Amino acid sequence: MRAREILDEDYNQSLEADLNNLLIGVKGNGVTEIPTQKLVDKLQASGYSVSADSLMLLLQNNPIVSNVTPQSIQLAPSDA
């Protein structure tokens with residue numbers, strides 16, 4: 001059982017790290033809003049099992065994101 005917990009924790013940490021990297025990259029290119037499904041597709045192509053609903057839950061308290069809906073993800077403005 002402990003091995004399963006460790007694997008789940010590693011998976012979740014990797015997912016969050018890759019998600020943050022994608023968001024930072026998009027934001028760095030000046031994008032302020034992206035379709036939720038586009039990010040889901042990108043993560044699925046990287047081997048993660050995510051849906052729009054699970055992605056919304058992951059992004060609820062993410063400081064890079066100002067708002068997330070099933071349709072779009074709005075990125076928080078950069079601090080100047």
Side-chain angles (χ1 to χ4, degrees):
M1 187 61 138
R2 180 72 179 135
R4 177 77 172 151
E5 291 171 8
I6 291 170
L7 290 175
D8 286 344
E9 186 175 308
D10 287 346
Y11 176 86
N12 290 337
Q13 287 176 345
S14 292
L15 172 57
E16 287 183 25
D18 286 347
L19 177 57
N20 282 335
N21 288 336
L22 287 170
L23 293 173
I24 290 168
V26 167
K27 190 173 180 176
N29 286 325
V31 176
T32 58
E33 185 174 336
I34 55 174
T36 303
Q37 190 59 48
K38 186 172 185 177
L39 191 53
V40 168
D41 293 344
K42 186 76 168 172
L43 290 168
Q44 287 177 345
S46 295
Y48 294 106
S49 177
V50 294
S51 65
D53 290 335
S54 65
L55 185 60
M56 288 174 51
L57 289 173
L58 278 172
L59 294 174
Q60 275 182 335
N61 298 314
N62 190 310
I64 301 169
V65 175
S66 64
N67 189 38
V68 61
T69 69
Q71 292 77 32
S72 68
I73 299 164
Q74 293 177 343
L75 303 178
S78 297
D79 293 334

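Since this is a predicted model, take the numbers as computed values, not measurements.
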(message) Which residues pass the side-chain contact (heavy atoms from CB on, under 4.5 Å) test with Thr69, not counting sequence neighbours?
(response) Asn67, Gln71, Ser72
Can you check whether [X] reaches [Y] side chain to side chain, under 4.5 Å on heavy atoms?
X	Y	value
Asn12	Leu58	no
Lys27	Ile64	yes
Gln44	Val50	yes
Ser54	Tyr48	no
Val26	Leu39	no
Leu75	Glu33	no
Asn62	Val68	no

So how far is it from [X] [atom1] to [Y] [atom2], rounded to the nearest 0.5 Å?
X	Y	atom1	atom2	value
Leu23	Asp18	CG	CG	11.0 Å
Ser46	Leu22	OG	CG	6.5 Å
Leu55	Gln60	CG	CD	11.0 Å

(request) Determine, using the 4.5 Å side-chain heavy-atom cutoff (strictly less than), whether Leu57 and Val65 are members of one ILVMFWY cluster. (result) no
(message) Just by distance, no angles: are the side chains of Asp41 and Gln37 close enough, under 3.5 Å, to form a donor-acceptor pair?
(response) yes
(request) Work out which heavy atom in Ala52 is nearest to a heavy atom in Thr36; give both atom names and the distance. (result) CB-CG2, 4.0 Å
(request) Provide the closest heavy-atom pair for Pro63 versus Ala76 in the form atom of the first, atom of the second, distance. (result) O-CB, 3.6 Å
